[in-house]
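Reviewing the structure listed below.
Just so we're clear, the structure is a prediction, and the values are computed from it rather than from any experiment. Proteins come first, then strands; the chains are lettered A, B, ... in the order of their sequence lines, and each starts at number 1.
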Protein chains: 2
Amino acid sequence: MEARIEKIKQQLQSQGYKLTPQREATVRVLLENEEDHLSAEDVFMLVKDKAPEIGLATVYRTLELLSEMHVVEKLNFGDGVARYDLRTDSSKHHHHHLICVQCGAMDEIKEDWLLPLEERLEQEYGFTVLDHRLDFQGICHRCNANNDKTNE
Amino acid sequence: MEARIEKIKQQLQSQGYKLTPQREATVRVLLENEEDHLSAEDVFMLVKDKAPEIGLATVYRTLELLSEMHVVEKLNFGDGVARYDLRTDSSKHHHHHLICVQCGAMDEIKEDWLLPLEERLEQEYGFTVLDHRLDFQGICHRCNANNDKTNE
DNA sequence: TTCTGTGCAAAGCTTTTGCACCCTG
DNA sequence: CAGGGTGCAAAAGCTTTGCACAGAA
């Protein structure tokens, strides 16, 4: 974890930015909740435990900065708030979401199933893919199981 | 076009809703701009040409209603506004967006390249796919061409 | 000192809601 | 006259911005 913070610190410094205590607290919250998709408000409340004097605007500014640095990815699931995801170390970020329309759970598949498609896009459409996003909406295995039980 | 409006009218009536003049004007705007991804504001301004007395709230309410009826799909590209897309007649809606980070153009691929993935999800994850969404961010063929020219 | 970063409050935007009124059935 | 539908304006979020101040280089 310290190593990842150190890396982000260097990324920031290489662009002339500082890893201030507020920014570090924000990054730590993101690291500690890597599996979640936190909204700015979520991050704000968690950061407040570490640094109670922080302001919401600073959190927004930090997330915006981290987003520009490609340290986090800003996601939009259509629920009215932006959510932020730490990017993995790999140069490209590929993950897929399984959003259950019944219970609202969001699972994640990290495996990348899209490389063949991207190659086709480059060749057939002349489109250079930098990133992508793939969300599936449907019914998760838990709800599927429950539904089966109910119907018995 | 009249046939499609008639069909939507029947869909509404089957749920106890009416196709009021305002709603019809909104649907016509969506039909006439089927290739675009209009925001509520966009729709509002276009509908005003047909029905100047309409209010923005009515447009929002109509789009929300049409969205519930699965006549349109509400999309979110992360630019701060919801956008609305008429659904095609086919029961499943599958399209992919190519969003250019350089010029902002959004092209669309209607072809469905994901069926194999969906089958895998069902089998390996027990996840029943109802809909999906796939966006690629990158550089479009036009910008790629321009960039090449500039670099010469 | 200079410049970046911060907290607070105000403003900005999109979207939703309350309410009186209208119109159809 | 009952009910849904509408327009207007106000309210309600989420996010950004202006400004004065703090702190490091």
Open item on the list: Just to verify, what does E32(B) make a side chain to side chain donor-acceptor pair (under 3.5 Å) with, not counting sequence neighbours?
Closed with: K50(B)

Task: Any T58(B) side-chain N or O less than 4.0 Å from OP1/OP2 of dG5(D) - done: no

TODO: Check whether any side-chain nitrogen or oxygen of T20(A) sits under 4.0 Å from OP1 or OP2 of dT4(C), and answer yes or no.
DONE: no

TODO: Check the pair E34(B) / R4(B) against salt bridge (Lys or Arg N to Asp or Glu O under 4.0 Å), numbers first and verdict last.
DONE: CA-CA 12 Å; E34(B) 202 161 1; R4(B) 295 182 67 185; 3.0 Å; yes

Find the distance [X]:[atom1] to [N]:[atom2] and express it as a whole number of Å.
X: L19(B); N: dT6(D); atom1: CG; atom2: P; value: 10 Å
X: K18(B); N: dG5(D); atom1: NZ; atom2: C1'; value: 7 Å
X: E53(A); N: dG5(C); atom1: CD; atom2: C1'; value: 13 Å
X: E24(A); N: dT4(C); atom1: CD; atom2: C1'; value: 18 Å
X: Q13(A); N: dT4(C); atom1: CD; atom2: P; value: 15 Å
X: E68(B); N: dG5(D); atom1: CD; atom2: P; value: 12 Å
X: R23(A); N: dA24(D); atom1: CZ; atom2: P; value: 14 Å

Open item on the list: Does the protein touch nucleotides 12-19 of chain C at the base, only the backbone, or not at all? Give it as B, S and - per nucleotide, heavy atoms under 4.0 Å.
Closed with: --SBBBB-

Task: hydrophobic_cluster_shared for L65(A) and V71(A), side chain cutoff 4.5 Å - done: yes

Open item on the list: Would you say L46(B) ends up clustered with Y60(B) if hydrophobic residues are merged whenever their side chains have heavy atoms under 4.5 Å apart, either directly or through other cluster members?
Closed with: yes

TODO: Please check if atom OH in Y17(A) has more than 12 non-hydrogen atoms from other residues, nucleotides or ligands closer than 6.0 Å.
DONE: no

Open item on the list: Can you tell me how far apart CD (Q10(B)) and CD (Q15(B)) are? Round to the nearest 0.5 Å.
Closed with: 13.0 Å

